[in-house]
Student: 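Below is the structure I would like to discuss, written out as structure tokens.
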Amino acid sequence: MDIDIAGPSRPSAIHLEAFMLRARRLVMALSALALAAGTGAATAGPVQANASASAGAGAGADANARQLGFADCPSLSELPEGADPAKWRCEAMTATGHLTLGRAEVPIDRPLAITFAEGRVDGEFRQVFGAMAATPLRVRGTPLSITPRYGGYSDFESNDERRGELDLTFRISGPGVPRGCSIGTEAAPVHLVLKETDPSRVVSPDPLIVAFGVGDNRFAAPGTSGCGRLGPVLDKVLRLPAPAGVNGIDLDARVALRSYGAVG
């Protein structure tokens with residue numbers, strides 16, 4: 001929450017002291033990142049495995065669907081009017097990789113998950129977004145974490161130019177960072193144009209799972225928003241805003257596919 005000192009009742013010296021102490025601690029913790037960037041050094045953080053819960057006995061198809069990500073598929077009732085379920089499918093993608101925003105280096109060592117439906121209605125390609133899930137990802141060399149969030153737009157129809165497009169915001173969390181602090185906002189998200197970096201290959205024929213690589217190193221990253229008095233500190237240390245060519249995202253993706261005609 002921002003501290004407003006313009007009103008009739010000014011905060012006490014104790015409150016301001018506490019705020020400045022939190023800011024100083026954050027600056028000290030981030031100084032290692034600034035030093036590493038200036039000398040070219042980098043310290044890799046530990047890779048944390050994403051452990052999935054094993055299905056209980058008798059869970060059967062429901063557990064399998066949840067494991068593959070199909071639990072977040074748009075329902076049949078959410079498909080466009082006139083959609084033939086036999087000609088529509090749900091795609092559940094998980095991806096790991098690496099994200100760079102300004103000076104922030106973020107290993108994506110815990111999978112991002114995106115689910116959506118696609119098909120045709122009267123010959124026209126249509127899509128319905130399902131859900132996106134992500135856990136906080138540590139910014140290397142700092143006490144900060146960044147959580148990617150769906151920014152309100154996606155287009156996963158591939159063509160010769162790109163594999164898909166996706167809008168994201170990046171929530172920042174850490175010591176003294178207020179709720180709502182982010183890179184990109186719902187009104188002005190970060191726009192990704194994902195190009196293929198590794199061609200598709202079949203990992204499993206039944207259920208059908210394909211793997212491929214995508215990335216984007218041409219997007220611009222805005223300065224922080226909603227971070228209160230820490231905003232200028234974060235922008236300075238993370239070197240935000242950052243122009244196109246400085247930032248990047250590389251993803252190793254796996255997509256499980258299921259026809260709506262197979263949904264009982």
Student: Does the Thr224 side chain pair with the main chain of Cys227, one donor and one acceptor, at a distance under 3.5 Å?
Tutor: no
Student: What I'd like to find out is whether the side chain of Glu91 reaches to under 4.5 Å of the side chain of Gln127, using heavy atoms alone.
Tutor: no
Student: In plain terms, say whether Glu118 and Arg89 are close enough for a salt bridge, that is, a side-chain N and a carboxylate O under 4.0 Å apart.
Tutor: yes
Student: For the residue pair Ala104 and Leu238, what are the closest heavy atoms and their distance?
Tutor: CB-CD2, 4.0 Å
Student: For the CD atom on Glu186, are there more than 12 heavy atoms of other groups (residues, nucleotides or ligands in this structure) within a distance under 6.0 Å?
Tutor: no
Student: Going by heavy atoms in the side chains, are Glu196 and Asp198 under 4.5 Å from each other?
Tutor: no
Student: Quick one: closest heavy-atom pair of Leu144 and Gly174, and the distance?
Tutor: CD2-CA, 4.3 Å
Student: Tell me, do Asp84 and Tyr260 make a side-chain contact under 4.5 Å, heavy atoms counted?
Tutor: no
Student: Decide whether Arg254 and Thr96 meet the rule of one side-chain donor and one side-chain acceptor closer than 3.5 Å.
Tutor: no
Student: Using every non-hydrogen atom in the two residues, find where Ala95 and Ile108 come nearest and quote the distance to one decimal.
Tutor: O-CG2, 4.1 Å
Student: Within the 4.5 Å heavy-atom criterion, are Leu192 and Leu168 side-chain neighbours or not?
Tutor: yes
Student: Would you mind checking if Asp155 and Arg162 are paired as a salt bridge, meaning a charged N to carboxylate O distance below 4.0 Å?
Tutor: yes
Student: For His191 and Tyr153, take the angle between the two ring planes, folded into 0 to 90°, and tell me which bin it lands in: parallel under 30, tilted 30 to 60, perpendicular over 60.
Tutor: tilted
Student: Sort out for me which residue in Leu257, Val128, Thr115 forms a side chain to side chain contact (heavy atoms under 4.5 Å, CB included) with Cys90.
Tutor: Thr115
Student: Under a single-linkage definition using a 4.5 Å side-chain heavy-atom cutoff for Ile, Leu, Val, Met, Phe, Trp and Tyr, are Leu194 and Val210 assigned to the same hydrophobic cluster?
Tutor: yes
Student: Would you say Leu137 and Arg110 make side-chain contact, with heavy atoms under 4.5 Å?
Tutor: yes
Student: What residues form a side chain to side chain contact (heavy atoms under 4.5 Å, CB included) with Ala83, not counting sequence neighbours?
Tutor: Leu79, Pro80, Trp88, Val121
Student: Please answer: with hydrophobic residues joined when any side-chain heavy atoms are less than 4.5 Å apart, are Val190 and Val246 in the same cluster?
Tutor: no
Student: Applying the 4.5 Å side-chain criterion to the ILVMFWY set and letting contacts propagate, would Ile172 and Tyr150 be lumped into a single cluster?
Tutor: yes
Student: Going hydrophobic residue to hydrophobic residue with side-chain gaps under 4.5 angstrom, can you get from Ile249 over to Val193?
Tutor: no
Student: Where is the tightest heavy-atom contact between Pro148 and Ala134, given as atom of each residue plus distance?
Tutor: O-CB, 3.5 Å
Student: Between Glu157 and Glu165, does a side-chain contact (heavy atoms from CB on, under 4.5 Å) hold up when you go through it step by step?
Tutor: CA-CA 9 Å; Glu157 183 180 16; Glu165 299 184 24; over 6 Å; no
Student: Can a cation-pi geometry be assigned to Arg163 and Phe156, taking NZ or CZ under 6.0 Å from the six-membered ring centre and within 45° of the ring axis?
Tutor: no
Student: Look up atom OG1 in Thr169 and atom CD1 in Ile183, then write down how far apart they are to the nearest 0.5 Å.
Tutor: 10.0 Å
Student: When you compare the side chain of Ile209 with that of Val255, does any pair of heavy atoms fall below 4.5 Å?
Tutor: no
Student: Within the distance-only criterion (no hydrogens, no angle test), does the side chain of Lys195 pair as donor or acceptor with the backbone N or O of Glu161 below 3.5 angstrom?
Tutor: yes
Student: CG/Asp122 to CZ/Arg120 distance, rounded to the nearest 0.5 angstrom?
Tutor: 11.5 Å
Student: Listed by chain and number, what are the side chain to side chain contact (heavy atoms under 4.5 Å, CB included) partners of Ser145, not counting sequence neighbours?
Tutor: Pro136, Arg138, Ser173
Student: For Gly226 and Pro178, work out which heavy atoms get closest and say how close.
Tutor: O-CG, 3.8 Å
Student: What is the minimum heavy-atom distance between Ala256 and Phe70, and which atoms define it?
Tutor: O-CE2, 3.5 Å
Student: List the steps, then state whether side-chain contact (heavy atoms from CB on, under 4.5 Å) holds for Ile114 with Phe129.
Tutor: CA-CA 9 Å; Ile114 297 176; Phe129 188 81; 3.8 Å; yes
Student: Could you give the distance from CZ (Arg103) to CG (Asp235), rounded to the nearest 0.5 Å?
Tutor: 12.0 Å
Student: Could you give the distance from CZ (Arg239) to CG (Leu101), rounded to the nearest 0.5 Å?
Tutor: 14.5 Å
Student: Atom SG of Cys181 and atom CZ of Arg171: how far apart are they, to the nearest 0.5 Å?
Tutor: 9.5 Å
Student: CG of Leu240 to CG of Asn247: how many Å apart, nearest 0.5 Å?
Tutor: 7.5 Å
Student: Is a side-chain N or O of Ser225 found less than 3.5 angstrom from the main chain of Ser182, in a donor-acceptor match?
Tutor: no
